[in-house]
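The block underneath contains the structure these notes are about, expressed in structure tokens.
Here is the naming used below: chain letters follow the sequence lines, and residue numbers restart at 1 for every chain. The structure presented is a predicted model; accordingly, all values stated were derived computationally and were not measured.
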Protein chains: 2
Amino acid sequence: MALRHAVLAALLGGELSGYQLTKSFDLGVANFWHAQPQQLYAELTRLEKDGLIAGREVVQESRPNKRLFQVTDAGLTELADFTAAAAKPAFIRDDLLVKVQAADHVDTEALIAQLSERAAFAQGKLDLFDKLLRNMRGERTEDEFLRGGDPIGPYLTCLRGLAFERGNRDWCQRTITILRARARSSQQSI
Amino acid sequence: MALRHAVLAALLGGELSGYQLTKSFDLGVANFWHAQPQQLYAELTRLEKDGLIAGREVVQESRPNKRLFQVTDAGLTELADFTAAAAKPAFIRDDLLVKVQAADHVDTEALIAQLSERAAFAQGKLDLFDKLLRNMRGERTEDEFLRGGDPIGPYLTCLRGLAFERGNRDWCQRTITILRARARSSQQSI
DNA sequence: CTGTCCATGTAAATGGTTACATGATTTC
DNA sequence: GAAATCATGTAACCATTTACATGGACAG
């Protein structure tokens, strides 16, 4: 049951509406978790019912009203308890890897197409994360920010997201190169 | 619905029993997917009913009988179709990252304890993957194996697993260092 | 004689995805 | 005039986890 804690963690930066939460969880800005809008709205309702967040209505004129939520003291306690408890290891679970696992038995071109797409996607996220990091640290160098910048949590998770996507991109590109080379040499031997 | 394809991909290497499948999916040997034993047994039943795998009973003396499964032609077709279809992007979903996201609001020591544990876990997987890779390529150098070794699929996914766990370990260690340094300097300023 | 490995499941509960629904406003 | 953005949900379905169950063989 970590979605609730992910939402709590996301709200620590300041109050947000369901819609704004949706945006951050969607664009991968919240690289520490991923969730559908429907899940978020449902979770917000539950969290408020349980008193872990408090919502306030904001009336708007030329757009629908919205509710902004912020973490309560009870919410902070809940997060502290969650942090103290043991974390389960995170496993990879990826369609694309399943396909590559079967590489010897499926069409190489189809595989390469998907790897390219994934590499491009990863590059997109890389660019985004890079921008976010620069934004967070402002004028400071990375070292300066890491030593005393504030808040540090989102910066650290963003660094993990960056490394993950870099790993993704590099592996995809390398795999493409390998598969292409093998395709060429097996053609020659026919 | 990719568990079925993960199972099919895992069976490509040769026929396996449910129990043997369990082992590989458990130990992270199948780094492309992760699943509980119960899920695997259920999926095997379904796959056999759908004719994508065929099982044969193996009678044993001093241990329970078992059923070995292998992929049928229909199963291979199914895998090919799956490979041709677009893959969804893989998202990180990790308890530990949620905790780090909240780093500014929770106990630093608890966080560091968890990061150390994760780093050790990642190191364990690194060692395992390294051994697996060496096993697969035998006498050959990595380059030789990548150029013509067989099967290549499992080798490629294992490389991804290796890179992922290396990323995990390095990030955990770096994060620990950063958090410790900050804890020290904030103590001095009190 | 206790614990681990082999071997296979069922049942209940929780978590996540997909499809559907609504309606005003601003931007192209 | 069409599409995207803001704003919030409900309902049905699928996937995953957790708990429970069984039983012989072998190692310490």
Side-chain angles (χ1 to χ4, degrees), chain A residues 1-8 15-27 30 32-50 53 55-69 82 85-95 98, chain B residues 1-8 15-27 30 32-50 53 55-69 82 85-95 98:
Chain A
M1 212 210 317
L3 170 60
R4 37 179 30 202
H5 304 108
V7 171
L8 286 173
E15 51 180 17
L16 292 175
S17 69
Y19 188 78
Q20 288 172 305
L21 253 193
T22 286
K23 287 291 131 186
S24 34
F25 274 71
D26 237 28
L27 284 171
F32 53 98
W33 205 263
H34 177 254
Q36 240 64 50
Q38 297 86 338
Q39 254 181 299
L40 294 173
Y41 283 112
E43 196 60 51
L44 285 172
T45 307
R46 253 173 283 153
L47 280 166
E48 194 182 21
K49 203 188 64 201
D50 296 347
I53 60 174
R56 65 181 184 92
E57 184 93 13
V58 174
V59 179
Q60 298 181 114
E61 299 220 326
S62 65
R63 22 197 86 208
N65 296 346
K66 61 181 171 184
R67 311 200 62 213
L68 295 182
F69 295 94
F82 171 70
K88 329 175 187 170
F91 295 105
I92 288 187
R93 218 175 242 161
D94 188 344
D95 276 19
V98 173
Chain B
M1 216 211 315
L3 170 60
R4 37 178 30 202
H5 304 108
V7 171
L8 287 173
E15 50 179 18
L16 291 175
S17 68
Y19 188 77
Q20 289 172 305
L21 253 194
T22 285
K23 289 290 130 183
S24 35
F25 273 71
D26 238 28
L27 283 170
F32 53 99
W33 205 263
H34 177 255
Q36 239 64 50
Q38 296 87 338
Q39 252 181 302
L40 294 173
Y41 283 112
E43 196 60 52
L44 285 171
T45 308
R46 253 173 284 154
L47 280 166
E48 194 182 21
K49 205 187 64 201
D50 296 348
I53 60 176
R56 66 182 182 91
E57 184 92 13
V58 174
V59 179
Q60 297 182 115
E61 300 219 326
S62 66
R63 27 196 81 208
N65 297 343
K66 61 181 171 183
R67 311 200 62 214
L68 295 183
F69 296 94
F82 171 69
K88 331 176 185 168
F91 296 105
I92 288 186
R93 218 176 240 162
D94 188 344
D95 275 19
V98 173

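- Taking the six-membered ring for Trp and thresholds of 30 and 60 degrees, B/F82 and B/H5 have nearly parallel ring planes, at less than 30 degrees apart.
- Distance, A/Y19 OH to D/dA4 P: 12 Å, rounded to whole Å.
- A search for side chain to side chain contact (heavy atoms under 4.5 Å, CB included) contacts involving A/Y19 returns A/S17, A/K23, A/Y41, not counting sequence neighbours.
- In this structure, CG of A/L44 is placed 12 Å from C1' of D/dG9, rounded to the nearest angstrom.
- Here B/Q60 does not reach the OP1 or OP2 of C/dC6: none of its side-chain N or O atoms lies under 4.0 Å away.
- Counting only heavy atoms from C-beta outward, the side chains of B/D94 and A/F91 never approach each other to under 4.5 Å.
- Distances shown here put a side-chain N or O of B/Y41 below 4.0 Å from the OP1 or OP2 atom of C/dT8.
- Rounding to whole angstrom units, CD of residue A/E48 and C1' of D/dT8 are separated by 14 Å.
- B/R93 comes within 4.0 angstrom of the backbone, heavy atoms only, and of no base.
- A perpendicular orientation is assigned to the rings of B/F25 and B/F32, their planes being inclined by more than 60° (bins at 30° and 60°).
- A/R67 is linked by a side chain to side chain contact (heavy atoms under 4.5 Å, CB included) to A/E48, A/E57, A/F69, counting only residues two or more places apart in sequence or in another chain.
- Map A/M1 and B/L68 each onto its nearest nucleotide of DNA chain C; the residue landing nearer the 5' end is B/L68.
- Taking all atoms of both residues into account, the shortest heavy-atom contact from B/T22 to B/L40 is CA-CD1, 3.6 Å.
- Distance CG (A/D95) to C1' (C/dT17): 13 Å, rounded to an integer number of Å.
- Separating the NE2 atom of B/H34 from the P atom of D/dA15 is a distance of 17 Å, rounded to the nearest angstrom.
- When rounded to the nearest whole Å, the span between CG of A/N65 and P of C/dT25 equals 12 Å.
- Distance A/K66 NZ to C/dG23 C1': 18 Å, rounded to the nearest Å.
- As a whole-Å value, the separation of B/L40 CG from D/dT17 P is 11 Å.
- Closest heavy-atom contact between A/L3 and A/E43: CD2-OE1, 3.6 Å.
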Give me the distances for all protein-to-nucleotides 18-28 of chain D N/O pairs that come in under 3.5 Å?
{"residue": "D/dA19", "atom": "N6", "partner": "B/Q38", "partner atom": "NE2", "Å": "2.9"}

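- A sub-4.0 Å separation between OP1 or OP2 of D/dT17 and a side-chain N or O of B/Q39 is present.
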